[in-house]
Amino acid sequence: MKTITLHKPLNIDSIYNHLSQNLNPLFNKHKPTIFKFNIDNTGNAIEITQPELYEGVLYHIELDNDKLNITRSEHYVDDVNSLTLESVMNELFDDLSGNRGTDLVQEG
């Protein structure tokens, strides 16, 4: 699990909306492809899947105050799509935090 601090109060809906609007276009900018990731708001978390290529949830994101707890599937950590997706998400989380940036609190 990876934990990052956003340094800005947000709610799960605003994070979901930002990811829904920007994740697929930004991913395709970095790695042109014909598939799209599914981004689902489960009420207390966001789950990212791509059922055409991968079984199960690729990323599970939970908000804890100003921290995001991000769990990625252990099956796809070295996959080029997963690595690109994580880079894109980091970019989008940095956008959400504004000029305050993000801090990596824990990774492991």
Side-chain angles (χ1 to χ4, degrees):
M1 180 171 69
K2 175 167 118 174
T3 301
I4 62 171
T5 303
L6 296 173
H7 301 291
K8 182 178 178 180
L10 293 168
N11 62 46
I12 200 73
D13 292 328
S14 62
I15 296 168
Y16 168 75
N17 289 335
H18 190 64
L19 290 176
S20 292
Q21 293 171 6
N22 299 295
L23 187 132
N24 282 305
L26 192 54
F27 181 88
N28 287 323
K29 182 179 174 184
H30 289 283
K31 187 177 182 300
T33 183
I34 58 170
F35 66 84
K36 292 187 178 198
F37 292 97
N38 297 332
I39 305 157
D40 298 306
N41 184 341
T42 66
N44 63 349
I46 298 167
E47 293 186 337
I48 299 173
T49 59
Q50 207 315 309
E52 295 172 17
L53 297 175
Y54 306 104
E55 188 176 315
V57 174
L58 294 172
Y59 287 89
H60 178 89
I61 303 163
E62 291 184 19
L63 180 63
D64 179 16
N65 295 316
D66 67 342
K67 292 183 177 69
L68 287 178
N69 297 318
I70 304 164
T71 306
R72 64 182 167 202
S73 172
E74 61 197 34
H75 302 293
Y76 310 112
V77 293
D78 293 331
D79 180 84
V80 68
N81 292 325
S82 181
L83 296 171
T84 304
L85 181 59
E86 185 166 354
S87 175
V88 165
M89 286 192 308
N90 287 337
E91 200 172 320
L92 293 173
F93 296 146
D94 198 48
D95 287 348
L96 282 170
S97 67
N99 61 358
R100 298 176 181 181
T102 59
D103 289 327
L104 177 63
V105 177
Q106 170 186 341
E107 186 162 18

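Numbers here simply count residues along the sequence, with the first being 1.
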* **N/O donor-acceptor pair under 3.5 Å between D94 side chain and N90 backbone** => no
* **CG on L23 to CD1 on I39, rounded to 0.5 Å** => 4.5 Å
* Asked: Under a 4.5 Å cut-off applied to non-hydrogen side-chain atoms, are I61 and I48 in contact?
  -> yes
* Is L10 reachable from Y59 through a run of I, L, V, M, F, W or Y residues, each pair having side-chain heavy atoms under 4.5 Å apart? -> yes
* To do: Please report the closest heavy-atom contact between N44 and N41, naming both atoms and the distance.
  => N-OD1, 4.5 Å
* What is the distance from atom NZ of K67 to atom OG1 of T3, rounded to the nearest 0.5 Å? -> 8.5 Å
* Trace of the side chain to side chain contact (heavy atoms under 4.5 Å, CB included) decision for D95 with N22 -> CA-CA 11 Å; D95 287 348; N22 299 295; over 6 Å; no
* Interatomic distance, F35 atom CZ to L53 atom CG [nearest 0.5 angstrom] -> 5.0 Å
* **Euclidean distance, D64 CG relative to T5 OG1, rounded to 0.5 Å** => 9.5 Å
* Asked: Would you say T84's side chain and N81's backbone share a donor-acceptor pair under 3.5 angstrom?
  -> no
* So do the side chains of M89 and I46 get within less than 4.5 Å of each other, counting heavy atoms only? -> no
* Asked: Any side-chain heavy-atom pair from F37 and N24 closer than 4.5 angstrom?
  -> yes
* When rounded to the nearest 0.5 angstrom, what is the spacing between CZ in F93 and CD in E86? -> 9.5 Å
* Any donor-acceptor pair under 3.5 Å linking the side chain of Q50 with the backbone of K36? -> yes
* Flag if over 12 foreign heavy atoms under 6.0 Å of NZ, K31 -> yes
* Asked: Are I12 and Y16 in one and the same hydrophobic cluster, where Ile, Leu, Val, Met, Phe, Trp and Tyr link if side-chain heavy atoms are under 4.5 Å apart?
  -> yes
* Could you give the distance from OG1 (T71) to CG (L58), rounded to the nearest 0.5 Å? -> 12.5 Å
* Kindly work out whether a path of hydrophobic side-chain contacts (I/L/V/M/F/W/Y, heavy atoms less than 4.5 Å apart) joins I70 to L96. => yes
